[in-house]
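A short write-up of the structure that comes next.
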Amino acid sequence: MIKSLRIEHFRNLKQVEINDLGRINILLGKNNSGKTVIQEALFLLAPPADPLAALRNLNLQRGYDIDVDSPDFWDSFFYNWDITRDIVLKVTVEGDFPFTKELKIKAIQKQTDSAIGEISESNRQTIGLHLILVKKESGGEVKFERLEMKLEHYNMISSSLSYNNLPGYWSKDPSKHAFPIAFLVVKVAARTNQEAQRFSRLDTVGRYDEILAAMQIIEPRLKRLIVAATRWGNVLYGDLGTGHLIPISLMGEGTTRILSIVLALLNCKGGIVMIDEAESGLHYSVLVALWKMIAETARRLDVQIFAATHSYECIQAIHEAIEALGYTDDLKAYRFDRIGETTRVVDYTAEMLATGFEMGLEMR
Amino acid sequence: MTKKEAKTKPFTIEKSKLLIVEGKTDKDFFDALLNSLKRTDTQVIPMNGKDRLRALLEVIVRQPDLPVQSLIIARDADGNPKGAFDSVCSALSNKNVGLPAPKKPLEFVEGPTSFGKSIKVSVIVIPLFEQKGALEDLLLQMSADDPLLSLAIKYIENAIETLKKAAHRPPPRILSKAQIHAFLATFEEADRDPGIAALEGVWNFQHFAFEPILKIVQEM
């Protein structure tokens with residue numbers, strides 16, 4: 001489980017350190033305070049098997065649809081678009097095999113043509129990123145591995161400096177250095193085929209009942225789930241007892257959201273599930289039951305949750321669910337307050353949240 | 001509507017001066033005092049139980065955009081005035097609160113905070129000057145000139161004597177509370193508690209017994 005996270009010069013965060021993370025972490029703060037950036041940093045630290053696709057996706061999920069041949073694509077990851085300061089993302093992971101991971105991202109620049117041949121800021125542009133991932137294992141014998149990758153818009157070059165005979169290629173054996181991670185972004189609708197595949201993978205290993213029980217939180221009429229192979233791909237259907245199976249994706253935003261969450265949880269054993277806009281699409285009356293399911297599953301499968309929300313009702317529901325289960329030690333909340341150039345991280349324990357709710361005090 | 005649903009609209013501390021008091025009666029009393037001083041820059045909130053102070057302060061110092069620059073915590077001395085003061089100071093200096101704690105009651109101390117602003121903090125232990133008791137003991141002192149008060153006190157004394165002889169039931173646990181309620185029962189609106197009575201102008205905030213509190217509140 002990740003216990004601490006440090007971010008330097010990434011997106012809109014100049015420097016942030018979060019310590020003593022819990023199993024379930026609620027991320028709070030005003031718009032543009034950095035909640036999503038925390039999730040993006042964790043996503044890159046996993047690291048993704050295909051970093052270029054991951055970087056593209058991170059921008060796309062924000063609606064920043066810009067091509068990789070633009071310097072702005074690369075510069076957008078740097079704080080204040082200042083490429084002279086490297087991005088540093090670092091996690092400390094505790095557990096049976098504790099380790100730290102640090103991802104340093106440097107801009108790769110190229111001198112463009114200049115009429116008078118001078119080198120200046122104006123004729124240099126970012127053409128890619130140099131990613132250096134260092135993992136140090138601290139349990140028993142101290143080992144570390146270092147992986148490097150250069151991403152360039154016209155030519156993806158992979159190279160590495162490896163120690164201890166570790167993989168010489170970033171994505172060759174991600175299991176060596178990755179933790180499973182799922183990033184649920186509210187703006188992106190679940191892809192029918194992808195969800196059907198995830199469902200089938202779990203169904204074949206006997207996890208069907210868990211998925212159905214989770215889905216029944218929001219749709220009690222749901223009798224069964226079935227994947228049907230169609231000419232256009234695999235589709236997950238639900239049986240509401242109406243005589244006609246209905247594609248889950250047509251049942252409503254809340255249903256697809258719960259499906260995405262439960263599939264992510266069950267597929268992320270020992271990993272991280274990040275939920276952006278946790279309240280989105282869900283009626284308040286299902287929130288407590290949903291979060292009980294999330295909290296129980298997270299404990300059982302050793303999953304760590306990072307959920308961003310603006311909703312007081314949602315925070316209350318998460319707290320109520322955790323308290324009812326007696327898992328209060330699992331819960332932490334963090335609010336990111338922007339004060340000028342700096343970001344203040346304000347942490348809440350479950351006890352503090354309880355006091356806040358009892359007094360009706362603002363905590364978001 | 002359940003209790004939890006009823007509190008889905010949170011409130012914020014939005015004034016630069018904050019008075020934290022024990023309960024609803026104390027809140028009404030200090031609100032009345034501030035009204036009498038025409039002070040609109042001060043917010044009064046109850047801690048709803050003395051043992052809740054640390055937890056409340058932990059959440060208050062974490063409030064987004066907290067504007068508080070001056071804080072007074074007022075609580076009853078009960079049977080241990082020093083213990084009451086020390087308990088408040090311990091809550092203030094708890095690592096999750098991190099506020100400056102004064103060296104003695106009715107003095108301000110100024111210091112940095114985790115929310116980025118400097119703050120002035122003071123503690124009032126009622127009924128002042130290391131006396132045991134609560135708000136009602138102070139109210140007895142503030143109403144000492146009223147002839148009805150001595151009658152109310154006499155009535156409670158007689159009642160206690162009668163209860164002792166007849167042993168119908170236990171006498172009032174806190175004498176000053178019984179005396180103040182008997183005194184308030186002599187007014188036209190006989191069912192007011194000391195807080196409501198304050199809002200309706202019963203207590204004389206200019207009384208010399210109240211002067212130290214008046215002074216520290218004016219200095220906030």
Side-chain angles (χ1 to χ4, degrees), chain A residues 19-20 26-35 279 283-288 291 309-324 328 332-364, chain B residues 1-15 18-24 26-27 43-69 71 73 75 91-92 94-99 112-119:
Chain A
N19 294 305
D20 202 23
I26 310 174
L27 307 179
L28 307 168
K30 294 178 182 171
N31 296 109
N32 305 321
S33 59
K35 301 184 294 297
E279 73 282 6
H283 191 260
Y284 78 93
S285 61
V286 301
L287 287 174
V288 174
W291 277 95
T309 183
H310 290 289
S311 160
Y312 199 76
E313 210 168 48
C314 183
I315 312 165
Q316 265 186 312
I318 297 172
H319 180 264
E320 192 178 333
I322 302 274
E323 202 171 48
T328 48
K332 293 296 290 287
Y334 298 88
R335 194 186 63 246
F336 303 93
D337 292 345
R338 186 166 288 283
I339 304 164
E341 287 274 292
T342 62
T343 300
R344 171 195 177 214
V345 181
V346 181
D347 62 324
Y348 290 89
T349 60
E351 186 197 356
M352 292 176 194
L353 293 173
T355 305
F357 294 133
E358 200 175 308
M359 299 296 294
L361 278 164
E362 182 58 271
M363 294 178 280
R364 295 167 297 170
Chain B
M1 189 181 276
T2 67
K3 193 178 162 191
K4 291 206 171 185
E5 284 165 16
K7 287 185 179 170
T8 50
K9 283 190 179 172
F11 81 92
T12 53
I13 292 159
E14 53 200 18
K15 298 191 175 175
L18 178 65
L19 242 165
I20 300 177
V21 297
E22 276 198 36
K24 169 81 169 61
D26 308 86
K27 175 174 162 45
Q43 202 161 342
V44 183
I45 62 167
M47 60 182 96
N48 294 332
K50 297 180 238 302
D51 56 343
R52 309 276 304 150
L53 178 62
R54 177 189 55 80
L56 177 62
L57 288 171
E58 283 176 349
V59 183
I60 287 175
V61 297
R62 284 167 171 73
Q63 184 194 287
D65 306 320
L66 185 71
V68 177
Q69 293 168 3
L71 167 71
I73 296 166
R75 64 155 284 180
L92 285 165
N94 178 278
K95 69 177 171 58
N96 283 326
V97 176
L99 292 176
T113 62
S114 59
F115 51 92
K117 295 183 179 79
S118 170
I119 193 168

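Please read these numbers as outputs of a predicted model, since none were measured by experiment. Each chain gets a letter, A, B and so on, in the order its sequence line appears, and its residues count up from 1.
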| query | Would you say A:Thr355 and B:Glu58 make side-chain contact, with heavy atoms under 4.5 Å? | reply | no
| message | For the CZ atom of B:Arg54 and the CD atom of A:Glu351, what is their distance to the nearest 0.5 Å? | response | 5.0 Å
| Partner set under side-chain hydrogen bond (donor to acceptor under 3.5 Å, both in side chains) for B:Gln43, not counting sequence neighbours | none
| query | Could you state the interatomic distance from CD (A:Glu358) to CG (B:Leu56), rounded to the nearest 0.5 Å? | reply | 10.0 Å
| query | Out of curiosity, B:Asp65 CG to A:Lys30 NZ, how far, rounded to the nearest 0.5 Å? | reply | 3.5 Å
| So, do B:Pro64 and A:Glu362 sit near enough that their side-chain heavy atoms are less than 4.5 Å apart? | yes
| A:Val346 and B:Val61: side-chain contact (heavy atoms from CB on, under 4.5 Å), yes or no, with the steps? | CA-CA 9 Å; A:Val346 181; B:Val61 297; over 6 Å; no
| query | Sub-3.5 Å donor-acceptor pair from the side chain of A:Arg335 to the main-chain atoms of B:Arg62, do we have one? | reply | yes
| task | Test side-chain contact (heavy atoms from CB on, under 4.5 Å) on A:Met352 and B:Asn96 and set out the steps. | result | CA-CA 10 Å; A:Met352 292 176 194; B:Asn96 283 326; 3.7 Å; yes
| query | Heavy-atom count around A:Asn32 CG within 6.0 Å, excluding the residue itself: above 12? | reply | no
